[in-house]
**Student:** 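Pasting a structure below so you can have a look.
All residue numbers refer to positions in the sequence shown, counting from 1. Counting convention: from 1, in listed order, for ligands and their atoms alike. The analysis underlying the following values was restricted to heavy atoms, covering all of them including side chains, and did not include hydrogens, waters or symmetry mates.
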Amino acid sequence: MVAEQAAQVLVASNRGPVSHTVREDGSLDAKRGGGGLVSGLSAIGPDAGALWVCAALGDGDREAVRRLGTRLDPAETAGQHVRMLDIDPGVFSAAYNGIANSVLWFVHHLLYQTPLEPSFDTEFRTQWAAYEAYNAAFADALAEEAAEGAAVLVQDYHLCLVPGMLRRRRPDLRIGHFSHTPWAPVDYFRLLPDDIARQLLRGILGADRAGFLTQRWADAFAACTTAVLDGQVDTTDGSADAVTCEGRTTRLGVHGLGADADFLRERSHRPDVVERMAALREQIGGRERRVIVRVDRTELSKNIVRGLHAYRHLLTDHPEWRGLVVHVAFAYPSRQDLAVYRDYTDEVQRVAGEINAEFGTDAWQPVLLHVKDDFARSLAAYRIADVALVNPIRDGMNLVAKEIPVVSDEGCALVLSREAGAYAELGEEALVVNPYDVTGTAEALRQALTMAPGERAERTKRLAAAATSLPPQKWFLDQLNALGG
Ligand code: F6P
């Protein structure tokens with residue numbers, strides 16, 4: 001049954017634009033989320049009949065749904081209409097933690113230690129059934145809410161099965177899927193059991209259009225469809241732009257989400273950021289000290305530990321830098337339900353502590369590690385950074401690499417992994433590293449620290465221009481327009 005006030009444009013993602021916690025006094029606290037999707041969707045305005053379907057992520061969200069109903073109050077969601085799905089917590093956890101974050105994320109970011117993992121056993125099959133149920137809950141809600149011929153933009157690896165499921169329920173809809181992650185190379189994707197690999201690809205191929213952040217990820221997806229499903233790939237100038245499989249054609253699109261320059265420039269000059277700049281300067285000590293900044297969620301793919309080892313190499317091999325440089329590392333908690341993430345967080349803290357113990361003096365702390373998420377402080381660090389270290393093992397895009405040049409006060413040299421999606425647009429102006437090469441990264445840090453201020457400023461200007469060429473609003477509208485009307 002289609003809802004009475006059916007939506008013309010729908011977005012579906014696991015994490016929605018708002019999250020709730022229950023305060024001690026029992027009242028609900030709604031925290032708005034940021035990010036590209038939130039500002040992208042705002043481009044079509046509050047009257048466009050758009051609806052965002054997302055999952056309740058925790059007890060606070062579930063309580064909000066119980067009290068307020070599944071349709072949230074637009075006053076609490078930056079004006080967006082949101083339907084929050086209260087999926088059974090066990091099903092949600094198996095789908096989100098078990099499959100999305102422990103299998104699909106690992107496959108696309110090449111994170112397994114393959115002598116021992118993965119091992120697809122009966123527990124995996126149970127979790128997979130939950131992933132199917134969770135995807136079906138989204139497909140049901142979208143089918144119910146969408147107006148005739150509406151456009152539905154399904155996001156990410158959590159919801160790979162939704163396009164296919166939704167097409168079966170509502171063949172009239174225009175369906176897009178967008179991957180915010182990399183896509184695995186064929187041999188790695190084929191670690192998955194064959195039936196699961198087929199199901200995932202068929203799920204996405206249920207869309208009219210599958211979007212990716214870079215051509216590299218689109219090509220990898222296309223190669224997987226050929227290897228696993230015998231899909232026929234159309235190319236233009238060697239780049240995959242459509243896949244025909246089992247009688248249907250799915251177009252491929254590349255939309256390299258950029259930084260939101262207007263928002264960032266305004267936000268980074270507010271008093272709370274200026275205050276934090278002063279506090280950071282004090283912790284760094286000495287205005288002449290150079291600052292290497294990294295800001296990440298403590299995410300296995302971000303390669304924070306090797307980044308710290310590279311910094312240690314720099315201090316070991318180039319003692320002239322001791323006392324003259326500080327590594328400001330913000331590593332914000334992520335996915336702490338997973339033991340492997342908790343262990344990784346501990347390892348980041350351990351290595352940072354080791355470097356401080358080995359090299360620190362009364363007047364100099366070589367690493368300033370902060371783990372409490374503070375957006376204003378991140379912006380403060382962006383503004384004062386001399387060097388930005390962005391060295392992921394693999395990353396869909398990496399917006400930090402794009403945000404720092406936009407916000408930087410005096411220019412910042414970018415040390416960038418060639419495995420980040422952002423490399424496609426920023427590689428020419430960055431010092432590019434192989435993320436596994438610790439000594440190579442140390443050398444790139446040294447070069448970045450010694451880059452002449454004029455060159456650094458010029459490169460930063462060019463980085464900022466490239467980083468902002470596709471702002472979130474345009475990124476979103478391009479995808480919507482490409483789905484046709
Ligand atoms: O950064 C890639 C990404 O897939 C985002 O699109 C998404 O918001 C995030 O990862 C998922 O992270 P979390 O598990 O914290 O919601």
**Student:** Do any side-chain atoms of residues 249-261 form donor-acceptor pairs under 3.5 angstrom with protein atoms, and if so which ones, sequence neighbours left out?
**Tutor:**
| residue | atom | partner | partner atom | Å |
| --- | --- | --- | --- | --- |
| T249 | OG1 | T244 | OG1 | 2.8 |
| T250 | OG1 | L205 | O | 2.9 |
| T250 | OG1 | A207 | O | 3.1 |
| R251 | NH1 | A482 | O | 3.1 |
| R251 | NH2 | A482 | O | 3.4 |
| H255 | NE2 | R209 | NH1 | 3.0 |
| H255 | NE2 | R209 | NH2 | 3.2 |

**Student:** Might you point out which heavy atoms bring Y332 and K372 nearest each other, and give the distance in Å?
**Tutor:** CE2-O, 3.2 Å
**Student:** Which of parallel (below 30°), tilted (30 to 60°) and perpendicular (above 60°) describes F221 and W183?
**Tutor:**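 Correct class here is perpendicular.
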**Student:** Considering non-hydrogen atoms only, spot the tightest contact between Y382 and E403 and give its length.
**Tutor:** OH-OE1, 2.8 Å
**Student:** For the residue pair F120 and W128, is the inter-centroid distance of their aromatic rings smaller than 6.0 Å?
**Tutor:** no
**Student:** Please tabulate, line by line, the atom pairs linking an N/O of ligand 1 to a protein N/O at a distance below 3.5 Å, with the distance in Å to 0.1, or answer 'none'.
**Tutor:**
| residue | atom | partner | partner atom | Å |
| --- | --- | --- | --- | --- |
| ligand 1 | 4 (O) | D156 | OD2 | 2.7 |
| ligand 1 | 6 (O) | D156 | OD2 | 2.7 |
| ligand 1 | 12 (O) | R297 | NH1 | 3.3 |
| ligand 1 | 12 (O) | R297 | NH2 | 3.4 |
| ligand 1 | 12 (O) | R335 | NH2 | 3.0 |
| ligand 1 | 14 (O) | Y96 | OH | 2.5 |
| ligand 1 | 14 (O) | R335 | NE | 2.9 |
| ligand 1 | 14 (O) | R335 | NH2 | 3.2 |
| ligand 1 | 15 (O) | R15 | NH2 | 3.1 |
| ligand 1 | 15 (O) | R297 | NH1 | 2.7 |
| ligand 1 | 16 (O) | R15 | NE | 2.7 |
| ligand 1 | 16 (O) | R15 | NH2 | 3.2 |

**Student:** Determine whether I87 and F138 make a side-chain contact, defined as any pair of heavy atoms from C-beta on separated by less than 4.5 Å.
**Tutor:**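 In contact.
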